[in-house]
Amino acid sequence: MSNTPVKVAVTGAAGQIGYSLLFRIASGALLGPDTPVELRLLEITPALKALEGVVMELDDCAFPTLAGVEIGDDANTIFNGANVALLVGARPRTKGMERGDLLEANGAIFTVQGKALNEHAADDIRVTVTGNPANTNALIAKSNAPDIPAERFSALTRLDHNRALAQLSRKTGTSVNDLRKMTIWGNHSATQYPDIFHAEVAGKNAAELVNDQAWLENDFIPTVQKRGAAIIEARGSSSAASAAAATIDHARDWLKGTAEGDWTSMAVVSDGSYGVPEGLISSFPVTTSNGNYEIVQGLEINEFSRARIDASATELGEERDAVQALGLLG
Ligand SMILES: NC(=O)C1=CN([C@@H]2O[C@H](COP(=O)(O)OP(=O)(O)OC[C@H]3O[C@@H](n4cnc5c(N)ncnc54)[C@H](O)[C@@H]3O)[C@@H](O)[C@H]2O)C=CC1
Ligand SMILES: O=C([O-])CC(=O)C(=O)O
């Protein structure tokens, strides 16, 4: 085991996603069994007592990879020296809300945290925003952290990606292990576009294999787009364990790399690829290695996909304008 622990900051650590996420990070699911990890856990003051209880449970697991835990309510202290920041802490939506309805309630959290990261995080910091509305919260954090390269900020669409894999695997009667090159485009919202035109099932093109436009339009796409709402309807609260698992998948692949011949979906700052306006944090197909990502280039976009990618980009532009009007962009 190497000696220097990687400092992983998690916000909203006493929340329901935190309760799944922390134990997986501490057990090595993010950085592997040979890398010690120091958890830096941020909460609001009234939640610190509950967080102390979670830390007792972390202690009681005696994880060999857990080198230390620090908790607190001050982002400047908790983000000090952080190498990885998982920004989960934010209010979840409840029944009948869209994620964008949380912009005003949650946006301000990410101005403060962006500034604190800018001042105190380690030089190699990589930031993943899970708290909703994730793309625009990531934009807020990025714009309040001018000294951190824009490519170090990302938002989570891996849960949507994983949901799309699960739906395609069920439809084709194959294992998720046989699936490659799924893509989520756009916003982590009901306008996101899960795209199977480039996906592969055991080496065959998924759209051609499925060959069922009605399923694609009326089942697959809306099921993935509205899965979060379906879970709220069924569980009475929003997805937590699957969101934690996706947060780990996202951050792990970013640091460790995607497999040869595959890619993943991450919401990252647009460089104008595929006509998504530059500067928006939008989901793209990306390959990763050593903590860097590249947007997959050269994919042919058919008319069906074009309209959906554009619609989600339009929504992201509207969210950007809304937070700009609220004075949240640095
Ligand atoms: N991007 C994605 O795929 C998904 C995103 N989410 C989002 O993740 C967020 C967290 O969800 P849950 O854990 O279920 O919510 P939760 O309400 O159980 O926990 C949120 C925690 O954040 C804390 N918090 C609030 N303000 C904070 C601040 N300024 N600094 C640090 N901590 C703060 C709260 O005290 C609370 O403990 C929500 O916004 C939810 O909508 C949830 C599922 C999937
Ligand atoms: O739908 C929600 O509000 C929680 C979430 O982001 C998801 O499950 O995808």
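Atoms within each ligand, like the ligands themselves, are counted from 1 in listed order.
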Close approach, Q113 and ligand 1, non-hydrogen under 4.0 angstrom: yes
Atom 32 (N) of ligand 1 - nearest protein heavy atom and its distance: G12 N, 3.3 Å
Ligand 2 contact by M97, heavy-atom criterion under 4.0 angstrom: no
S238-ligand 2 polar pair, N/O distance under 3.5 Å: no
Which of the ligand 1 atoms, numbered from 1, are nearer than 4.0 Å to a heavy atom of V88: 8 (O), 9 (C), 10 (C)
Atoms in ligand 1 with a heavy atom of L156 nearer than 4.0 Å: 1 (N), 2 (C), 3 (O)
Electrostatic pair D253:K256 at N-O distance under 4.0 angstrom: no
Whether A14 lies under 4.0 Å from ligand 1, heavy atom: yes
Nearest-option assignment for atom 39 (O) of ligand 1, heavy atoms, candidates N132, L48, N162, I231: N132
Min N/O separation S239 to ligand 1 under 3.5 Å: no
Min N/O separation L159 to ligand 1 under 3.5 Å: no
Salt-bridge contact D219-K171 (side-chain N to carboxylate O under 4.0 Å): no
Selection from T130, I44, D73 by shortest heavy-atom distance to atom 33 (C) of ligand 1: I44
Best match, R227, R99, R93: closest heavy atom to atom 7 (C) of ligand 2: R99
Whether I232 lies under 4.0 Å from ligand 2, heavy atom: yes
Side chain, backbone, both or neither: the part of Q16 lying under 4.0 Å from ligand 1 by heavy atom: both
Atoms in ligand 1 flagged as close to A90, the criterion being non-hydrogen separation under 4.0 Å: 9 (C), 10 (C), 20 (C), 22 (O), 38 (C), 39 (O)
Contact with ligand 2 for N132, non-hydrogen, under 4.0 angstrom: yes
Region of I109 that comes within reach of ligand 1 [heavy atoms, distance under 4.0 Å]: side chain
Heavy atom of H188, distance to ligand 2 below 4.0 Å: yes
